[in-house]
Each structure stands twice: as C-alpha cells, then as structure tokens.
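A quick write-up on the structure given underneath.
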Amino acid sequence: MSTAFDSFQRQLANTLPSTRMITSLSQRLAFSTDASFYHKVPQLVVQVATVSELQALVRLASEHQVPLTFRAAGTSLSGQAISDSVLVMLTRDWQQIEVLEQGDKIKLQPGVIGAHANHKLAPYRRKIGPDPASINTCQVGGIAANNASGMCCGVKHNSYHTLAAISFVLADGTYVDTTDETSVAAFRASHSELLQGLAELAEQVRNDDELSHTIATQFRLKNTMGYGLNALLDYHDPLDILCHLLIGSEGTLGFIADITYRTVAVPKASATGLYLFPDSHAACAVIPALKQLGVEAVELMDDRSLLSVQPLLAKLTELTPPPGAVALLIDLGRDDEAALQQAQQELEHLLADFTALCPMRSDPVTSQALWQIRKGLFPAVGAVRASGTTVIIEDVAVPLEALPEAVNALQQLFDQHGYAEAIIFGHALDGNVHFVFTQSFASAQEVERYAAFMDAVSTLITERFAGTLKAEHGTGRNMAPYLYAQWGGAGLAVMQRIKALIDPRGILNPGVILNDDPQAHLRDLKAMPPVNETVDACIECGFCEPQCPSLHYTLSPRQRIALMRRASQRPPAEQQEIAKDFQHLGIDSCAATGLCATACPVGIDTGAWIKELRAEQARHPRVAKWLAGHQAGAERIARFALAAGRPLSKLQQRRPTFPPVAKAPEATRTVESSEKAIYFTTCPNRVFGTDGQEPLPQVVERLCARAGIQLIVAPTNGACCGQPYLSKGYPQEAQTKQRELRELLWKDSEQGRYPVLFDASPCALQAKDLEGLRSYELATYLAQYVAKKLTLKPLDEPLLLHVTCSSRHLDQGSSLRALARLCSEQVIEPEQIQCCGFAGDKGFTQPELNASALAPLAAQVPSGCQHAVSNSRTCEIGLSHHAGSNKVQYRHIAYLLDALSTSTAST
C-alpha cells in the first residue's frame with residue numbers, strides 16, 4: 001500500500017466512521033466481483049451516507065490521486081463496478097423518491113431500485129423509461145450511469161432521452177444541482193474553463209461532417225459503446241452537454257447524486273402472444289409492420305433459445321419448434337379494451353400465415369408465463385453450464401434491415417469457435433440482440449478461444465453490419481479495447497478529450513471505457529471454482545440481494561458464494577483467516593429462509609447451503625436427540641425461562657422484550673358440523689403468548705364457529721415440524737420430528753379426511769408436503785374457507801402488514817394480503833423489507849440481523865397507527881420491537897379478523 005494511499009485513508013477516517021470503512025480481507029473479497037466475469041480485490045470499501053461525505057471522499061482522492069469506483073447494486077455485466085483501489089458503496093440513505101407533476105416526472109436518488117420507482121408511479125399509470133431485465137435489483141444510479149434500457153425502452157425512452165434534471169459530484173468534489181439556479185450560476189462561474197472546453201469540443205465535432213454523420217448513425221441504434229457523443233450534437237449549452245455525458249459514463253466522469261426523469265405512460269389494456277417463424281428472415285420481415293402497428297415490445301428468440309426453455313414452452317403449446325425456427329414474443333398495449341381488440345385483429349391478420357405458439361391473450365397469467373419464458377433464457381444457460389465455467393452475455397445492435405443476416409452470422413461464429421450451447425435473443429424492434437454462452441478461463445487455450453471469438457464478433461458487427469458492439473450493457477472492461485474498432489481515431493480522440501476535461505487526474509473508474517491495454521478484456525478474469533453442489537450454478541448476478549435480510553449487516557447470498565470461491569484461490573494462511581470470518585459473516589448471520597431462491601434466475605437456495613454447513617459443524621447431536629425425544633419437557637423449560645427472564649429483558653434495548661408465556665386456550669362452545677378442520681398449535685405459539693390477547697387457538701376456534709366450521713384443536717404431545725432442528729444443523733432429528741408429526745396428524749385428521757391448519761407460517765411451509773395430509777397455513781385457510789362466510793366491518797384507519805418469508809414461498813403472500821384488504825382499505829406493506837430477519841430465534845441470539853433487516857420499518861409506521869398484522873409469532877415479536885416510538889404491536893391477522901367480523905348467518 002502506497003504512502004499516498006495511507007495518508008488518504010488516515011484523513012478519510014476523520015470524515016467517515018470506521019464501521020463504514022471496510023478493510024478486512026474477507027469482506028473485500030466478497031465485494032471483489034459484480035455480475036460480470038471480472039474480479040478485482042479493492043484495497044478499501046467505503047460506504048457513504050450523504051453528498052457532503054461523498055464530496056469529502058472525492059476531494060481527498062483527487063488530492064492523493066487515489067482511484068475511486070462507484071457501485072450501485074453491482075448488477076453490471078461488463079466489469080465496470082469493480083476496483084483494485086477504493087470501491088464506493090451507498091448506504092440505505094440514498095433511497096428517496098419524489099413523484100412530481102402528478103407522475104409526469106419522478107426524482108430519484110441513486111440507491112432506489114428501479115422497480116420501487118415504478119411501484120411509486122403505478123397509481124398514476126406511469127413508469128420510468130428504462131426497463132432493464134434486472135429492474136427488480138438494479139438501482140437508479142447504475143441505470144443512469146450505464147444508460148441501461150431494456151425490452152420496451154427502445155432508444156427514445158432511455159435515461160439520456162428522458163432526463164429532466166440531475167445533481168452530480170465531479171472529480172474535484174464540486175456538487176451541482178441543475179434545479180437550483182444558485183448552484184448552476186456558481187458552477188458556471190467556478191468551472192468556466194471546463195464548460196468552455198466542452199463548448200469548443202462540441203463545435204469541433206459539429207464541424208466534422210464525417211464524424212457527425214458517424215455519431216448520428218450510431219445513436220439511431222441502441223448504443224452504450226463509449227461516451228454519449230450524441231450530446232455534442234444534440235445540445236449547445238455546455239452544461240446540458242455535461243449532464244448528458246454523465247448518462248452512460250459508467251462512473252468515469254462523476255457521481256450522479258439524483259436524477260429526475262420524465263416518465264412514460266403505462267397502457268391501460270395489453271395483450272401478449274408468441275409466434276413461430278420458419279427462419280430469422282421470415283421473422284424479421286414482419287418487424288417493420290409490427291413497429292408501424294405500435295406494439296410495445298417484440299422479443300426475438302432463436303431455435304437454440306427455444307430449446308433451452310422447452311419445459312416452460314411445453315406448458316403453453318404441444319408444438320416443438322423445428323431447427324432453424326425463430327419465435328417472436330409480441331406485447332401489445334392500448335389505452336382501452338376496444339382499441340386493444342382492434343389492434344389485436346390487425347396483428348392476427350398480419351401474422352395469419354405463421355404459427356401461433358400462443359395467440360394474443362390479455363389475461364395476466366398467460367402474459368406472465370410468456371414473459372417468464374423470455375426471462376428464463378439467460379438463467380437456462382447458466383443452470384446447465386459445466387462446473388468451473390462462467391456465463392457470458394453480450395449484446396449488439398445492427399440496423400433493423402440487417403438483423404436476420406446478423407443472427408445467422410452470429411450462429412455461424414458460435415459453430416466456428418466451439419460454442420454449441422450459445423443462444424441468441426433480443427429486442428427485435430431495435431435490432432438489438434443478446435447472445436449467451438459459457439466459457440472457462442482455466443487454461444490459456446480457453447482464454448485464446450474467447451479472445452479470437454470476440455475479435456471475430458467485433459469485425460462482424462462493426463465492419464460487415466455497421467452496428468454497435470454494446471447496445472445496453474455498457475462498455476466496461478470487456479469492450480474497452482474495441483473502442484477504436486467502433487469509433488475510429490477521431491471518435492476515440494474526442495472521448496479522450498472529454499475524460500481529460502472532466503476528470504483531469506483520471507481518478508474516476510480508471511480502465512473502464514478508456515483503456516490503453518489492447519488485452520484489458522483478458523485481464524482479471526474471474527474463476528468459478530466449485531464450492532458446493534447446492535450453489536455452484538450461481539452466476540453472481542446479484543438478483544438475490546434485495547431479498548436478503550443480512551445484506552446491510554454482513555453478506556448477501558451472492559457475496560457468501562463469491563467469498564468462498566475467491567477464498568479457494570488464496571494462500572493457506574488467508575484461507576484460515578477467511579474461514580474464521582465466514583463463521584459469523586456467512587453462517588451464523590444467515591437467516592436461511594431461502595427467500596433468495598425466489599429471486600434467483602436459477603433458483604439457488606443459499607440458505608439450504610448454509611444449513612448444510614451448520615450440519616457439518618453440529619457439535620451437540622446428543623443434546624439435539626434428547627430435545628427431540630423430550631420436546632414437551634423442553635418447552636416447559638423454555639416457558640419457565642421466558643417467564644423468569646421477561647422482567648430483565650425489559651431493561652435492555654438491544655434485543656426485543658420477551659413476550660409473555662403462552663396460555664392454554666380455554667374451553668369454548670364450538671359448533672357441530674360436517675365441515676371440520678384440525679388445528680395444530682405450533683411450537684412458537686405454544687411458548688410465546690401475545691400481550692393482552694387470548695390464546696390464538698381460542699380466537700381461531702371462534703372464527704371457525706362463526707363460519708359454521710367445527711375446529712378440533714389437536715393435542716400436540718410434543719410434536720414439532722422439525723424446522724428448529726433443521727435450521728440448527730440437525731437434519732436427522734428434523735426428519736424424525738416430521739415423521740412423528742405426520743403420524744399424529746394422520747390419526748387426528750382421520751387419515752387425511754380433514755384439513756390440518758398450522759398457526760405459524762414457517763411451520764406450515766415445513767409441513768406442506770406431509771404425505772396424505774391436506775396442510776394449510778392458517779391465513780390461507782381463513783382466506784379460502786372462513787372469511788367468505790363472515791361479515792366484516794373494515795377499519796377506517798391504516799393497517800400495517802408484514803408478509804413473512806414462508807408466506808412468500810407458499811403463495812407469494814396472496815392469502816395474507818387478501819385478508820388484510822378485507823380488514824382495511826389502507827393496507828401499508830412497508831417497503832424495502834422482504835424478511836424481518838428474526839429467523840426463529842435469531843432475533844434473540846443475533847439481534848443485529850433483526851435490527852438491520854427492519855431498519856426501514858419505523859419511518860414507515862403512520863403516527864398513531866393501532867393495528868399491525870402478520871402470521872408468524874416470532875416475526876411479530878421482532879416487528880413490534882422495531883416499529884419505533886409508535887409502539888404498535890404486530891399480532892396474527894386472525895385477531896383482527898375476529899374483532900371485525902360477525903357471521904353472515906347472524907347478520
């Protein structure tokens with residue numbers, strides 16, 4: 001580490017707290033990768049919370065000439081979000097959203113996830129223009145910095161063309177807010193030389209007819225290759241030029257502190273269909289007519305793509321696409337149903353001569369299934385790749401008339417270079433296709449094969465088709481050596497001048513976009529050694545991260561896997577250090593709920609891997625076996641400890657206060673009915689009571705009686721679903737408890753004749769596949785069989801709802817949400833919280849995990865809110881503790897349903 005870097009780090013410690021300056025090897029390795037196939041270990045990872053902190057950081061870096069790389073979500077595919085110097089991350093403080101002008105504009109901080117912005121705009125039937133496939137994960141800072149687009153975005157709706165205003169920080173620490181006249185005036189005065197340089201450069205480009213023509217031609221296509229030189233033609237005010245150059249600059253010119261977009265209308269009526277064509281020529285021949293018709297999106301999929309998702313395709317059609325066939329997925333939108341039907345008729349007439357794998361349909365289920373086929377293409381390759389290989393996705397754009405020839409030519413290149421598994425798909429309206437293939441970098445021969453292939457792609461696209469080598473994913477590191485091939489000497493010289501004007505010391509993301517090394521794309525290649533069969537298919541895309549409760553506490557699922565992969569290549573002493581750190585960072589702090597699998601393109605459950613590691617480490621099998629055999633006695637001990645410890649727990653703030661001990665339900669008058677259900681009281685509800693409330697079984701029994709259902713509360717006899725044993729690394733004891741539970745409930749339900757209700761959602765998930773039983777999570781049963789037989793008087797006030805991880809697994813939370821909507825028209829589901837992080841007992845043993853996961857909760861609780869519901873007792877304990885000064889108490893939704901309802905018959 002250099003003397004300059006040491007001095008930089010010491011001075012930075014006066015600005016940032018030590019907790020946000022990450023220096024440990026293990027954590028730096030975990031941050032050494034993004035979604036690309038490159039890998040660099042940062043010397044320092046810093047997390048900034050405010051613009052002023054960012055300014056101080058940049059000024060220090062400029063003074064000491066220490067390179068900085070900004071990262072948002074790290075979903076970039078071209079290596080632009082990694083560094084061997086200082087990696088700059090954002091805390092959760094950068095997530096402010098302001099909807100403006102009735103949704104016509106929206107102001108976003110860089111930490112906002114794209115899908116969250118669209119969620120805020122949904123009531124206005126608007127959305128942001130960019131719609132990358134990673135929109136549920138990627139953040140606005142990355143979307144703007146890479147000028148990301150997507151399936152419906154095209155050229156006209158990207159960040160460049162929908163930019164309304166921007167705030168940014170330059171390499172010298174200067175902050176500019178283009179909505180603030182004072183800020184703009186000060187900048188024009190202090191940076192007149194920079195602005196004059198941009199004005200002169202723009203005039204030089206406009207006077208160069210050949211270069212101007214090249215720029216105009218290139219930016220008629222989707223193009224993220226190099227800087228946005230179109231800004232030099234489109235704008236005359238140098239500040240406007242600068243603002244638009246920042247878009248797509250990949251963090252090499254400045255930091256985007258916020259951006260205001262002009263939004264795009266969302267069609268009120270839409271339909272989706274999938275059509276098969278004999279070859280790419282036939283498919284592409286209809287695209288101009290589709291464009292004229294005004295379709296929302298057209299996605300092209302070649303025959304290899306269709307083969308890779310055949311299981312998904314088989315659910316919609318019995319037809320098997322023949323070799324050489326090409327499909328078009330078409331999305332059509334209009335402002336009303338009548339206009340949509342008319343457009344559908346026109347489209348069906350246009351496509352009458354071709355096979356409809358699925359004709360245009362407007363139902364959401366079919367539409368979702370069709371788009372799932374399209375979105376499944378990238379992971380389909382990743383899921384079947386050979387161990388040790390990585391998945392590479394590239395994207396190019398060519399003039400629309402050249403698209404069929406380009407598709408055929410790319411397929412020929414795959415065959416010539418030995419990429420038989422490669423597939424092609426893309427946004428046909430824009431002549432933009434992606435190609436996905438698997439690649440090993442384990443030998444020099446494999447690296448040479450990749451280099452030769454990329455050289456051939458460059459020649460094909462730039463020379464034969466006059467296209468662009470990067471349509472959406474940014475130049476990054478892997479296309480930087482081909483910038484000359486794309487732009488020639490004149491275009492490259494202009495880009496070098498832009499960089500010199502705006503970042504004269506070259507401290508911002510060096511090596512990205514501009515790189516003098518002709519083999520930069522072959523350096524720092526990421527190895528993908530096997531770690532565990534459960535997680536080896538991980539492509540390190542980061543889609544899992546927003547789901548993970550430990551993301552802002554220790555590591556995300558991607559980072560856990562990446563750390564173990566990178567560790568395997570370190571010296572033995574470092575491996576020991578990492579293994580020691582991983583105990584807390586990777587194993588103990590993982591909630592292991594498997595929620596990551598719901599967002600993973602290849603369905604990886606990192607929690608299952610962590611449970612395997614816990615099982616390998618399990619040191620108390622005899623204790624676990626004894627507890628499993630004496631469950632009832634263990635619960636009595638737990639209840640005693642809970643009662644004894646509750647007074648003391650009220651004296652500390654770090655952990656949630658212990659709840660009261662659960663009371664046994666009192667005998668109630670039930671109904672005699674042929675419609676019966678068996679109620680199983682789960683361990684959490686046998687131990688933990690709810691303040692000021694009757695036992696939950698008693699409440700549910702009353703609800704069922706109102707609905708004419710006879711509820712039979714089963715004796716538990718120490719039975720358990722096995723979840724506590726499985727999560728702690730004792731799978732055999734978990735299986736034993738599951739068998740015992742199945743035998744008990746098989747008898748109580750009269751051999752599966754009656755449904756069995758589980759009153760905690762995690763237990764319901766664990767028991768959902770017990771052979772011969774009809775198992776229901778309690779909220780699901782109430783929604784399907786009880787609520788419709790009740791008359792409810794809804795609240796006229798807000799209702800807080802938390803959907804548990806297990807409910808998301810069971811039915812995506814639909815039952816719980818349906819019940820909440822019956823109870824109130826003002827249901828609030830706090831944002832940025834997917835999992836509460838209580839994870840059984842970790843709310844007591846690892847309270848920092850629970851606190852980190854629920855950090856956004858308190859600010860979203862309305863003042864005076866009285867009602868909060870969920871469907872897992874342990875989750876409710878943590879939620880109540882972290883709901884802030886409002887002191888709202890989360891309870892099972894059955895309590896509220898009971899308070900608001902009467903029987904339909906009595907009414």
Side-chain angles (χ1 to χ4, degrees), residues 31 33-36 38 40 42 45-48 54 68-83 87-97 106-118 127-151 153 157-160 162-163 166-169 222 224 227-228 244-261 393 395 470-479 508-509 512-513 540-546 551 556 558-559 599 832:
F31 286 110
T33 181
D34 56 9
S36 73
Y38 295 102
K40 279 178 170 286
V45 179
V46 298
Q47 298 168 327
V48 293
L54 195 283
L68 303 177
T69 295
F70 305 120
R71 178 189 288 182
T75 56
S76 49
L77 295 163
S78 301
Q80 56 265 61
I82 57 174
S83 172
L87 186 65
V88 183
M89 308 281 291
L90 303 176
T91 65
R92 286 190 284 200
D93 301 281
W94 299 83
Q95 298 183 13
Q96 292 182 19
I97 300 175
I106 188 167
K107 183 177 182 180
L108 303 165
Q109 286 191 312
V112 174
I113 291 175
H116 293 173
N118 285 340
K127 63 178 182 177
I128 60 173
D131 61 339
S134 59
I135 196 166
N136 291 323
T137 304
C138 65
Q139 296 171 0
V140 166
I143 291 174
N146 291 286
N147 200 21
S149 46
M151 288 170 267
C153 177
H157 291 152
N158 61 23
S159 294
Y160 179 94
T162 58
L163 173 66
I166 192 170
S167 296
F168 56 87
V169 177
K222 280 187 173 183
T224 59
Y227 292 125
H244 287 82
L245 283 172
L246 287 169
I247 302 298
S249 66
E250 302 173 32
T252 64
L253 300 181
F255 171 83
I256 298 173
D258 66 53
I259 186 170
T260 301
Y261 284 118
I393 180 169
D395 69 311
K470 275 296 183 181
E472 294 187 309
H473 298 163
T475 311
R477 299 178 185 279
N478 62 325
M479 280 299 174
L508 299 183
N509 218 0
V512 169
I513 296 185
E540 299 185 14
C541 65
F543 283 16
C544 58
E545 292 189 342
L551 172 63
S556 71
R558 166 172 66 171
Q559 292 163 356
Q832 304 163 37

Closest heavy-atom pair and its distance - Val45, Met89:
CG1-CG, 3.7 Å

Gln109 (side chain) donor-acceptor with Gln95 (main chain) under 3.5 angstrom:
yes

Is the backbone N or O of Ser159 less than 3.5 Å from a side-chain atom of Asn147, with the two atoms forming a donor-acceptor pair by type?
yes

Would you say the rings of Phe70 and Trp94 are close, in the sense that their centroids are separated by under 6.0 Å?
no

Spacing of Asn146 atom CG and Leu77 atom CG [to the nearest 0.5 Å]:
9.0 Å

Set of residues satisfying salt bridge (Lys or Arg N to Asp or Glu O under 4.0 Å) with respect to Glu472, sequence neighbours excluded:
Lys222

Nearest heavy-atom approach of Thr75 to Cys138 is OG1-CB, 3.4 Å

Is there side-chain contact between Ile256 and Ile166, with at least one heavy-atom pair below 4.5 Å?
yes

Looking at CD1 of Ile259 and NZ of Lys107, how far apart are the two atoms once the value is rounded to the nearest 0.5 Å?
12.0 Å

For Thr137, is there any backbone N or O sitting under 3.5 Å from a side-chain donor or acceptor partner on Ser134?
no

Can you tell me how far apart CZ (Arg71) and CG (Leu87) are? Round to the nearest 0.5 Å.
4.5 Å

Could you tell me which non-hydrogen atom of Pro130 sits nearest to which non-hydrogen atom of Ala148, and how far apart they are?
CB-O, 3.4 Å

Does any non-hydrogen side-chain atom of Val512 lie less than 4.5 Å from one of Thr475?
no

What's the spacing between Thr224 OG1 and Glu250 CD if we round to 0.5 Å?
7.0 Å

When Thr162, Leu108, Val112 are each screened for side-chain contact (heavy atoms from CB on, under 4.5 Å) with Ile128, the one that passes is Leu108

Tell me yes or no: between the side chains of Asp258 and Ser167, is some donor less than 3.5 Å from an acceptor?
yes

Would you please say whether a donor-acceptor pair under 3.5 Å links the side chains of Asp34 and Ser76?
yes

Quick one, His116 and Gln832 - any side-chain contact, counting heavy atoms below 4.5 Å?
yes

Can you tell me how far the OG1 atom of Thr252 sits from the CG atom of Leu68, to the nearest 0.5 Å?
12.5 Å

Residue pair Tyr261, Ile143: steps toward the side-chain contact (heavy atoms from CB on, under 4.5 Å) verdict:
CA-CA 12 Å; Tyr261 284 118; Ile143 291 174; 3.8 Å; yes

What pair of heavy atoms forms the shortest contact from Ser556 to Glu545, and how long is it?
OG-OE2, 2.8 Å

Just do the side-chain contact (heavy atoms from CB on, under 4.5 Å) check on Lys470 and Asn478 with the steps written out, would you?
CA-CA 10 Å; Lys470 275 296 183 181; Asn478 62 325; 3.7 Å; yes

Return the CD1 to OG distance between Ile82 and Ser36, rounded to the nearest 0.5 Å.
5.0 Å

Please report the closest heavy-atom contact between Gly251 and Ala145, naming both atoms and the distance.
N-CB, 4.3 Å

Side-chain donor or acceptor of Ser78 paired with backbone N/O of Gln80 under 3.5 Å
no

What's the verdict on side-chain contact (heavy atoms from CB on, under 4.5 Å) for Ile97 and Ile106, showing C-alpha distance, side-chain angles and the deciding distance?
CA-CA 7 Å; Ile97 300 175; Ile106 188 167; 3.6 Å; yes

Test your reading of the model: is there a side-chain donor-acceptor pair from Asn118 to the backbone of Lys127, 3.5 Å cut-off?
no

Taken in chain and number order and not counting sequence neighbours, the residues that satisfy ring-ring contact (aromatic ring centres under 6.0 Å, His included) with Phe31 are none

